[in-house]
Amino acid sequence: MPTPSTCRSRRYLSAGATLLLSGLLLSPAATSAQTAGKAPAVLDLPAPAAVKGRAGRFQMANGTSAAAPTVYRVPRAQIHAPVAVIVATRRPERPLAVDILKFENGKADQTGRTDARGVAVFRFRTEGEFLVRIAAAAPGEPFDLMIWHGEEAAVPIPPAYRFAPREATAK
C-alpha cells in the first residue's frame, strides 16, 4: 500500500467509532470476514502541482500492490485540458491491470494492462475527479503512477538527414 505521506485516506472516523471498530476488528472471525469481502480503500492524490515552464500540472504516487486493488482518486480534472495517466511497473514480466473509472460504482470506463515494457498509458478528457484502479496478480508488486493534466508537451525532434553542402558532393 502507498505510504500515508503520498496519499490520504478519505475515510475519517471519530475517536469513539475508532475504539468501537478496533474492538470488533481484533477478533479473528471479524478480521477474516472483513478481508474476504472488503472493498478497496480509495486514496486521495494531492492536488496537481504546476510545472514550471510548461502549460500543465503533474501528479505522482509510488505504491505496492496489495491483495485488493489499489484505487487512487484524482481531483480537479478540467474538460479543456487533456489527461494522460501512466502506470509503470518495476517488473515488466509481471503485468498490472489498470482501470480508469469516473464513479466509484466499480464499472471501468477504460481498461488496460501494462505492456512488455511495463508501461500502460491512457489519454482522455474529463471534468471533476476520476479514479485509477491498479491490481496485480500477486501482492507486493511495486509501481509508479504519473498523471499529466494539460496539452502534450512538444519535444523538438532533430532532422533525420543532414544535407552536405553542394561543393562537397561535386567531387
Side-chain angles (χ1 to χ4, degrees), residues 1-14 17-18 21-22 25 31 34-153:
M1 289 293 294
T3 61
S5 63
T6 306
C7 304
R8 289 181 302 135
S9 177
R10 185 174 261 266
R11 300 168 195 231
Y12 300 101
L13 298 173
S14 67
T18 304
L21 285 175
S22 65
L25 295 178
T31 305
Q34 180 207 14
T35 55
K38 182 179 178 184
V42 178
L43 304 169
D44 286 335
L45 284 176
V51 178
K52 187 176 182 180
R54 299 279 184 197
R57 299 171 304 153
F58 183 73
Q59 292 170 289
M60 184 172 172
N62 301 334
T64 304
S65 66
T70 305
V71 180
Y72 292 94
R73 179 177 286 113
V74 183
R76 302 182 191 159
Q78 298 172 352
I79 196 72
H80 61 80
V83 176
V85 175
I86 303 156
V87 176
T89 180
R90 296 184 193 147
R91 298 180 190 152
E93 66 276 2
R94 298 180 184 169
L96 298 174
V98 183
D99 299 326
I100 307 294
L101 303 90
K102 181 61 182 165
F103 304 105
E104 291 186 44
N105 63 2
K107 183 178 178 284
D109 296 311
Q110 292 187 32
T111 61
R113 298 183 75 76
T114 54
D115 59 12
R117 298 175 300 141
V119 177
V121 179
F122 299 89
R123 291 183 175 92
F124 55 94
R125 289 179 187 259
T126 190
E127 181 70 30
E129 67 181 29
F130 64 93
L131 301 148
V132 179
R133 181 171 52 202
I134 301 171
E141 296 299 324
F143 62 85
D144 298 315
L145 170 65
M146 296 152 281
I147 301 168
W148 173 256
H149 301 261
E151 296 296 330
E152 188 171 337

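Only heavy atoms go into these numbers, but all of them, side chains included; no hydrogens, no water, no symmetry mates. Positions are given from 1 along the sequence.
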Name of the residue among Arg113, Arg133, Lys107 meeting salt bridge (charged side-chain N to carboxylate O under 4.0 Å, His left out) with Asp99
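For Asp99, the salt bridge (charged side-chain N to carboxylate O under 4.0 Å, His left out) test succeeds with only one of Arg113, Arg133, Lys107, which is Arg133.
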Residue pair [X] / [Y], side-chain heavy-atom distance below 4.5 Å:
| X | Y | value |
| --- | --- | --- |
| Val119 | Thr114 | no |
| Tyr72 | Ile134 | yes |
| Asp144 | Val87 | no |

Check [X] against [Y] and note the closest heavy-atom contact, atom names and distance.
| X | Y | answer |
| --- | --- | --- |
| Pro69 | Ala135 | CB-CB, 4.0 Å |
| Leu101 | Ala108 | CG-CA, 4.1 Å |
| Leu45 | Met60 | CD2-O, 4.5 Å |
| Pro92 | Ala116 | CB-O, 3.4 Å |
| Arg123 | Ala84 | CG-CB, 4.4 Å |
| Ala136 | Ser65 | CB-OG, 3.5 Å |

When rounded to the nearest 0.5 angstrom, what is the spacing between [atom1] in [X] and [atom2] in [Y]?
| X | Y | atom1 | atom2 | result |
| --- | --- | --- | --- | --- |
| Leu96 | Asp115 | CG | CG | 11.0 Å |
| His149 | Gln78 | NE2 | CD | 9.0 Å |
| Asp44 | Glu129 | CG | CD | 7.5 Å |
| Lys102 | Gln110 | NZ | CD | 12.5 Å |
| Ile86 | Phe143 | CD1 | CZ | 14.5 Å |
| Asp109 | Thr126 | CG | OG1 | 8.0 Å |

Could you go through the side chain to side chain contact (heavy atoms under 4.5 Å, CB included) check for Arg94 and Thr89 one step at a time?
CA-CA 8 Å; Arg94 298 180 184 169; Thr89 180; 5.7 Å; no
Got more than 12 heavy atoms from elsewhere within 6.0 Å of CZ, Arg90?
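Result for CZ/Arg90: enclosed.
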Is the CZ atom of Arg76 crowded by more than 12 outside heavy atoms at less than 6.0 Å?
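12 or below, so no.
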Counting distance only, does the side-chain N/O of Glu151 pair as donor-acceptor with the main-chain N or O of Gly56 below 3.5 Å?
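No; judged by distance alone, with no hydrogens or angles, the pair does not exist.
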Report the residues that fulfil ring pair (Phe, Tyr, Trp, His ring centres under 6.0 Å) with Phe124, sequence neighbours left out, ordered by chain and then residue number.
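Here the qualifying residues are Phe130.
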Under the side chain to side chain contact (heavy atoms under 4.5 Å, CB included) criterion, do Ile100 and Val132 qualify, and how do the steps go?
CA-CA 5 Å; Ile100 307 294; Val132 179; 4.0 Å; yes
